[in-house]
Protein chains: 2
Amino acid sequence: MSAKQPTIKEIAKRLNISISTVSRALHDHSSIGLRTKTRVKELAKELKYEPNQAAIFFQQRKTFTIGVILPFLSELFFSSAISGIEDVAVKSQYTVLLGQSRDDANREKHIIETMKKHRVDGIIISISKHTTNYEHFNRLRQSGIPVVFFDCIPNMTDIHYVACNMVSGTVQATSFLLKNGHRVIGLINGPEKLYASKQRQEGYQIAMSKHRLKYDPSLIVNSDLTKEGSRKAVKELLEHKRKVTAIVTFNDYVALDAMQYADAQQVAINKDVCFVSYSNLPMVEYLKYSPMASVEQNPYLQGQKATEMLLELLQKKEEDQTDNSSYKIIIDSHLVEYKQ
Amino acid sequence: MSAKQPTIKEIAKRLNISISTVSRALHDHSSIGLRTKTRVKELAKELKYEPNQAAIFFQQRKTFTIGVILPFLSELFFSSAISGIEDVAVKSQYTVLLGQSRDDANREKHIIETMKKHRVDGIIISISKHTTNYEHFNRLRQSGIPVVFFDCIPNMTDIHYVACNMVSGTVQATSFLLKNGHRVIGLINGPEKLYASKQRQEGYQIAMSKHRLKYDPSLIVNSDLTKEGSRKAVKELLEHKRKVTAIVTFNDYVALDAMQYADAQQVAINKDVCFVSYSNLPMVEYLKYSPMASVEQNPYLQGQKATEMLLELLQKKEEDQTDNSSYKIIIDSHLVEYKQ
DNA sequence: GAATATAATGCAAACGATTGTTTACCGGCA
DNA sequence: TGCCGGTAAACAATCGTTTGCATTATATTC
């Protein structure tokens, strides 16, 4: 049924020439005569010869594969990012080896091991929310496998990354509310440890002080990003002694849960209390309630940039430049207002 | 910085023994003395030796990689499927090489070529809606790369596939509406060519005849699955001379667009006209309107089954069994009613 | 026709590991 | 002493391709 794939050797034997000649002929090497070239190419086509990539990978110590590790594929943010990654990768003949960490540190570690075994040329990763030990990243560095972080970035020095400027995004989001006359604005933030949470808090504070308003820490509450956590958080804000008229949420999923809870409490969404968030959401137009505005994080662009960065690093590595600088790209986010 | 990875050769040289001894020692081969074994293993650990998978892949003519080609990663149906695929694959030490066809036949073809080059061991694919030429699949077969189709399956003989029984699902969906007293039920189907559309139509007819109702072909309209197409389709049904009180839609995305249009026409969703669909949707609970019920297609399970099937085929291939039977798994779908 | 330049090809090592076949050495036994 | 069996290790081929270097034809020139 499945005859063995023909090899360069096979072609050489049939044409009664040497293996190296065949190889060179197929690569249009200048030192091969025209007649031989065409003879080789014709036979190759006839036999449906295809180079054995596995052999080439091995020979070249390169697999043209990049590993991509994401917490969840099913979130639009990540699936958009991976689209961006794939698009850029494909253009440069790279393929994508996929891993889903499900926000589980062990799974993440295991995936990285597997990818290392597979000798991926490089890795793009948004780390799991629960990754606190960075040992495996150090090991990657030791193995000389370039890593580009994006979105969720570890607290390490000398790393390459692409990220979205959440500070300015949050400033915009908060300012938007302030301009609309809100004065008591709550922030449902993510877990305190996350860098992303810190940035949001910073942005919130900046916006407040820009408008010469006192910063009230009790207006910032944390959600563990579960439904229950978000409900608790919004409850706290709704019951706050000062009348909260607007809320910035860590992301759209939090916003949905918060709005759902508020709605159940007879709060008129975006009237009694306005919501502003970060956009991860598909299908906004079909939703029962959506935030008034969201900070766009451009996941597709982030994916593209991360991939371009990685390809550049690979290029540099190939040219054996021992440049120790770390690459950083910070993408600006901007507020998108939704039609209500 | 990145010292070259140590090889088996390196170990051999340092210990002044032969390469093969090292290899066998690391594999706990019985013919290697205990002392040598421990010496080898210790040095291996010390040098942080890791076998070069690229070399092994090449040597064993196997990559432990399966290619997965899907139309869109961002649809929940597919991202769930890929979760199932990944979970099973990981357990058997396989990794997933990803390709997104975006429902584009050329892209699909190109991805397959790349995967063939990468010498994936097998492929799992849900074909693009616009794939009409199956030449590339035949070529895969010739190369001896097993393929498991799922979800969207080509009209070919002797293929392996996992699919969901859409006929019975549609029978259930339609019967559900009939039991609720509806008599004039519309069906917004997908493109006529699709196998999936044919199954839905068949189910619809079966349900009708079971209830001794005449089959009225004018109640079946097609959508090209774009927003505009679905709006046109529902418009036709809403303006049908018989008063359509319920509609079965090809999938949830169609349902959303149809319901949105109907809503804009002052039709009370799931009161004036009831909707039943096929579930591809995340976040049903947050939606403005959702179908009364959906046929669950178990994408995660389909992904798992497809991967198990592929692994079995690979096993068989390895054992060189030339069994020509084709594997088919048909998963039963069932109706899920939503709380309104 | 010999020397020389040039074009065309072949040789062989290398990439890192696996694995079938030999070899070396030892003790035991007739 | 010589043969056998067994254990432990070495040898060598192999997987398919690339590539530096050597070698052989062919053409050019005097």
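Chain A is the first sequence line, chain B the second, and so forth, proteins listed ahead of strands; every chain is numbered from 1.
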**Asked** With a 4.0 Å cut-off, would you call K109(B) and D104(B) a salt bridge?
**Response** no

**Prompt:** Could you give the CD1-to-P distance, from I8(A) to dC15(D), as a whole number of Å?
**Reply:** 14 Å

**Request:** Using atom types as modelled and distance alone, determine if a side-chain donor or acceptor of S143(A) lies under 3.5 Å from a backbone N or O of R139(A).
**Result:** yes

**Prompt:** Does a side-chain heavy-atom distance below 4.5 Å link I123(A) with M115(A)?
**Reply:** yes

**Request:** Specify the angle, to 10°, made by the local axes at the two ends of the helix from dG1(C)-dC30(D) to dA30(C)-dT1(D) when five pairs are taken at each end.
**Result:** 80°

**Message:** At under 4.0 Å between heavy atoms, how does the protein contact nucleotides 4-15 of chain C? Give one character per nucleotide, 5' to 3', with B, S or -.
**Reply:** ----BBBBB--B

**Item:** Distance in angstrom units between Q5(A) CD and dG16(D) P, rounded
**Value:** 10 Å

**Prompt:** Within the distance-only criterion (no hydrogens, no angle test), does the side chain of D121(A) pair as donor or acceptor with the backbone N or O of I66(A) below 3.5 angstrom?
**Reply:** no

**Message:** Can you give me the closest heavy-atom contact between Y94(A) and T65(A), atom names plus distance?
**Reply:** CD2-N, 3.8 Å

**Asked** Hey, is the main chain of Q59(B) close enough, under 3.5 Å, to the side chain of R61(B) for a donor-acceptor pair?
**Response** yes

**Message:** Without decimals, in angstroms, what is the distance between E10(A) CD and dT17(D) P?
**Reply:** 11 Å

**Length of the CD-C1' vector between Q53(B) and dT18(C), whole Å** = 13 Å

**Item:** S101(B) backbone acceptor or donor facing E108(B) side chain under 3.5 Å
**Value:** no

**Prompt:** Between atom CD in E50(A) and atom P in dT17(D), what is the gap in whole Å?
**Reply:** 11 Å

**Item:** Parallel, tilted or perpendicular: rings of F149(A) and F137(A) (30°, 60°)
**Value:** perpendicular

**Request:** Using whole Å, report how far CZ of F57(B) lies from P of dT17(D).
**Result:** 18 Å

